[in-house]
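Everything below concerns the one structure shown next.
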Amino acid sequence: MESMGTLRRTHYAADLLKTPVGAEITVAGYVARSRDLGNLIFIDVRDVTGLVQLAFGDSTPQELFNKAKAVKSENVVMAKGVLRERSSKTDKIATGAYEIDVTELRHLSGAELPPFEIRDEINVRDDLALTYRYLDLRRPSMARTLILRNKIAMCARNYFYENHFIDIETPYLIKSTPEGARDYLVPARLHPGHFYALPQSPQLYKQLLMLSGFDRYFQIVRCFRDEDLRADRQPEFTQIDLEMAYVDIDDVLAVNEGFLKRVFKEVLGRDIETPLRRMTYKEAMERFGSDKPDTRFGLELTDLSDLVKDSGFSVFSGAVAAGGGVRAINAKGLADRLTRKEIDKLTELMKGHYKAKGLAYTRFTADARSSSFEKFLSPEEIAAVDARMDFAEGDVLLIVADANRQITYDALGALRVELAHKYGLFDKDRFDLLWITEFPLFEYSEEDGRYHAKHHPFTMPMDEDLELVESDPGACRAKAYDIVINGTEAGGGSIRINDPALQRRMFKALGFTEERAQQQFGFLIDAYKYGAPPHGGLAYGLDRLVMLLLQLDDIRDVIAFPKIQNASELMSGAP
RNA sequence: GGCCCGGUAGUUCAGUUGGUUAGAACGCUAGCCUGUCACGCUAGAGGUCAUGAGUUCGAGCCUCAUUCGGGUCGCCA
């Protein structure tokens, strides 16, 4: 091991491209790979920006040459020398046309052999990579990802700052919230038996800031939810959180469209068309079976209830009679690939995961038209279904019928996504952004026998639905919106209630007694008595945004030190 | 909490119907090599087949349990 002495880095790998040949420069980093050709040695040094090749040959003094020979993988080195063009170039790496003719090499640190090779091409077991996450992070793709994440965060900061949003920190040790996800709890030493909760979001605080006169608030903030993990869900995650006063829906969406346009331009160099498309919750459910529709492909749902309600197939007629419905997808042109066996697999998926009773089908190949249900239908009914579905040779018709309409949505919504991914039915290079609006204000909980707030209890009802809060809560729509990108919810928000009287009605509809509302949200209810401008906001999942922009499918790939499925952290062993 | 998938050399994997000494590639070690860039060539080291029990003349392979990891449903206002 040697010290740096007076040597200091002058250039990163990426800087080579804008440095004149002949310059004397110093680089530093890890030995990614060395190639010893006998009387010629090449060493690839990796820094956070990329690779640079060190060359040792004819002009290298013997002592220096021997030193270069002894350097092993992942050792830390610093090298000074003259930038020159390679006599044989490669376009496989960014700096492939250049190398450094080394005059001085410092061997700053040895290194044990890492438990896995540090290369992007290699696919190491997740748990091993995460146990040695600090080594995993040396991989160039991880560096690229975290640099890009930073760029997105900077872009958000700049944009919102320029638009007069003020970054204000909100507390992490807060009062536990009654509804929603489970809270992480922290014991309060000075109050034995009492606990703080870690915030699921800064929701209440950002609303209070609007009442304090900070018209526009913004924060990139960590949030915590003690729920099970998924490929796109971590127990602690980062939100780009914002709130604005003196606004209605259109104002919030417009500001955020500006942000999205800028992020896509700055980070990916892509122009997205604004204003973004908007779709109501109702339309999204009916056409795509989901409140976060992936609109990069078709396979839309079609309601067949009216055509088959009197049919001899009791599964169909029964579902309609029970108040549910019969919905279908036409898997256009997939008859050859979607074999009977594949359909059976999909049926199991629908039954197992989405509570569908089954999956009715008609498969129309050049050889035959086979169906699980057509024998029960009249020729007129079949013809009517064909016409509505635009069903023809080469297609497969897939139908879910259920007394519960939601099940037909869930099952077919998942089915169209499954089909599209399995058979590559969309352009992977495309980005579809849209707003989903007019969410239901309430959601009925069978378990609790009462309505829950779908977004949160401070969400403003739509102006024309105000009376429905009492008369028909299930039909009442909210001033709530989600931003959906390629079938993923990237963010969401709402306009908040700023009228104490309306807030009281809301609590009442949710089954809160006056006392309970006061106990849990007293400070907030009181605050609204002292003058509250109309306001609303939105929060993005930063992790998901990074994932989407980089087209990654695991949220752990965009977080430096993520947790695994049981919410522990393999490297440190927490908790 | 339910269901599904997986654990074989440092790494990624193969391993036939249960049958002799468990293989490959990469990595590692040593030697040779003056333009490589996944350098090449030669040789070598490296294995409690996740753990435990069972079935069997015989188990990497079959059974059960445990454990670790992954996916998914519930859950995620």
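Here is how names work: the chains are called A, B, and so on, in the same order as the sequence lines, proteins then strands, and each is numbered from 1.
Which of B:C76, B:C75, B:C33 sits closest to the side chain of A:A181 comes down to B:C76. Looking at the side chain of A:D126, the nearest of the listed nucleotides B:G35, B:G70, B:C75 is B:G70. Nearest to the side-chain atoms of A:V124 among the listed nucleotides B:U36, B:C76, B:U12 stands B:U12. If you check B:G71, B:C76, B:C68 against the side chain of A:R225, the one that comes closest is B:C76.
Spacing between atom CD of A:Q565 and atom P of B:G6 amounts to 16 Å, rounded to whole angstrom units. Atom C1' of nucleotide B:G6 and atom CG of A:L128 are separated by 15 Å, given to the nearest angstrom. At whole-Å resolution of the value, CG in A:D228 and P in B:G74 are 12 Å apart. With rounding to whole Å, A:F116 atom CZ is found 11 Å from B:G10 atom C1'. B:C76 atom C1' lies 5 Å from atom CD of A:E227, rounded to whole Å. Separating the CG atom of A:L135 from the C1' atom of B:G10 is a distance of 13 Å, rounded to the nearest angstrom. Look at CG on A:N123: it is 18 Å from P on B:G69, rounded to the nearest Å. One atom, CD1 of A:I555, and another, C1' of B:G71, lie 16 Å apart when rounded to the nearest Å.
Using a 4.0 Å heavy-atom distance criterion, A:R86 is classed as a base contact. A:K89 comes within 4.0 angstrom of a base, heavy atoms only. Heavy atoms of A:R544 sit nowhere under 4.0 angstrom from any nucleic acid atom. Nucleic acid contact class of A:E99 (heavy atoms, under 4.0 Å, all strands): base. At the heavy-atom level, A:N566 lies under 4.0 Å from the strands shown only through sugar-phosphate atoms. Across all strands shown, A:I564 has heavy atoms under 4.0 Å from sugar-phosphate atoms exclusively, and none from any base. Heavy atoms of A:A231 sit under 4.0 angstrom from primed sugar atoms or phosphate atoms, though from no base atom.
Taking 4.0 Å as the cut-off between side-chain N and carboxylate O, A:E99 and A:R84 count as a salt-bridged pair. For the pair A:E514 and A:K508, the salt-bridge criterion is not met [side-chain N within less than 4.0 Å of a carboxylate O]. We find that A:E236 and A:R225 are not joined by a salt bridge, their nearest charged nitrogen and carboxylate oxygen being 4.0 Å or further apart.
The pairing partner recorded for B:A22 is none, the criterion being a Watson-Crick or G-U wobble arrangement whose two distances lie under 3.5 angstrom. Base-pair partner of B:C62: B:G54 (Watson-Crick or G-U wobble, both distances under 3.5 Å). Using Watson-Crick or G-U wobble geometry with both donor-acceptor distances under 3.5 Å, B:A43 finds its partner in B:U29. With a cut-off of 3.5 Å on both Watson-Crick or G-U wobble distances, the partner of B:A38 is given as none.
In terms of position on RNA chain B, the residue among A:G96 and A:K563 whose nearest nucleotide sits closer to the 5' end is A:G96.
Counting only residues at least two apart or in different chains, salt bridge (charged side-chain N to carboxylate O under 4.0 Å, His left out) contacts with residues 536-548 of chain A comprise A:R149-A:D543, A:D232-A:R544. The stretch residues 406-416 of chain A participates, sequence neighbours left out, in no salt bridge (charged side-chain N to carboxylate O under 4.0 Å, His left out) pair at all. Applying the side-chain hydrogen bond (donor to acceptor under 3.5 Å, both in side chains) rule to pairs touching residues 472-489 of chain A yields A:D248-A:K479, A:E438-A:R477, A:D463-A:K479, A:D465-A:R477, sequence neighbours excluded.
The nearest pair of heavy atoms linking A:G110 to A:N75 is C-OD1, 3.6 Å. Scanning all heavy atoms of the two residues, the minimum distance from A:I497 to A:H535 falls at O-CE1, 4.4 Å. Across every non-hydrogen atom of A:N498 and A:A532, the tightest pair is ND2-O, 3.0 Å.
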Exercise. Starting from the C-alpha separation in whole Å, work towards a yes-or-no answer on side-chain contact (heavy atoms from CB on, under 4.5 Å) for A:T280 and A:I436.
Key: CA-CA 5 Å; A:T280 65; A:I436 304 298; over 6 Å; no
Quiz prompt | Candidate pair A:F561 and A:M571, rule side-chain contact (heavy atoms from CB on, under 4.5 Å), full reasoning | solution = CA-CA 8 Å; A:F561 299 103; A:M571 187 182 69; 3.6 Å; yes
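Side-chain N/O atoms of A:R125 and base N/O atoms of B:G10 include no donor-acceptor pair closer than 3.5 Å.
The cationic atom of A:R516 (NZ for Lys, CZ for Arg) lies less than 6.0 Å from the six-membered ring centre of A:F512 and within 45° of the ring axis. Taking the ring axis of A:Y354 as reference, the NZ or CZ atom of A:K351 does not stay both within 45° of it and closer than 6.0 Å to the ring centre.
A gap of 35 Å separates the C1' atoms of B:G1 and B:A59, to the nearest Å. The gap from the C1' atom of B:G60 to that of B:G19 amounts to 13 Å, rounded to the nearest Å. Rounded to the nearest Å, the gap between the C1' atom of B:G46 and that of B:C28 is 9 Å. Going from the P atom of B:A50 to that of B:C13 covers 14 Å, rounded to whole Å. Rounded to a whole angstrom, the distance from the C1' atom of B:U51 to that of B:G7 is 11 Å. Distance noted for atom C1' between B:G58 and B:A43: 36 Å (whole Å). Between B:C68 and B:U8, the two C1' atoms lie 16 Å apart (nearest whole Å). Nucleotides B:G47 and B:G15, compared at atom C1', are 14 Å apart to the nearest Å.
Close to B:C39, at under 4.0 Å from its OP1 or OP2, lies a side-chain N or O of A:R35. In this structure, A:S88 reaches the B:U36 phosphate: one of its side-chain N or O atoms is under 4.0 Å from OP1 or OP2.
Of the candidates A:Q203, A:K206, A:Q219, A:Q219 is the only one forming a side-chain hydrogen bond (donor to acceptor under 3.5 Å, both in side chains) with A:T170.
Looking at residues 41-49 of chain A, you'll see A:F42 sit with a heavy atom under 4.0 Å from some atom of RNA chain B. Across residues 58-65 of chain A, A:D58 each have a non-hydrogen atom less than 4.0 Å from an atom of RNA chain B (numbered order).
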Can you pull every protein N or O that's under 3.5 Å from an N or O on nucleotides 25-30 of chain B?
from: B:C26; atom 1: O2'; to: A:E117; atom 2: OE1; distance (Å): 3.2
from: B:C26; atom 1: O2'; to: A:E117; atom 2: OE2; distance (Å): 2.8
from: B:G27; atom 1: O4'; to: A:E117; atom 2: OE2; distance (Å): 3.3

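Of the inter-residue distances, the one linking A:D557 atom CG with A:R139 atom CZ reads 7.5 Å to the nearest 0.5 angstrom.
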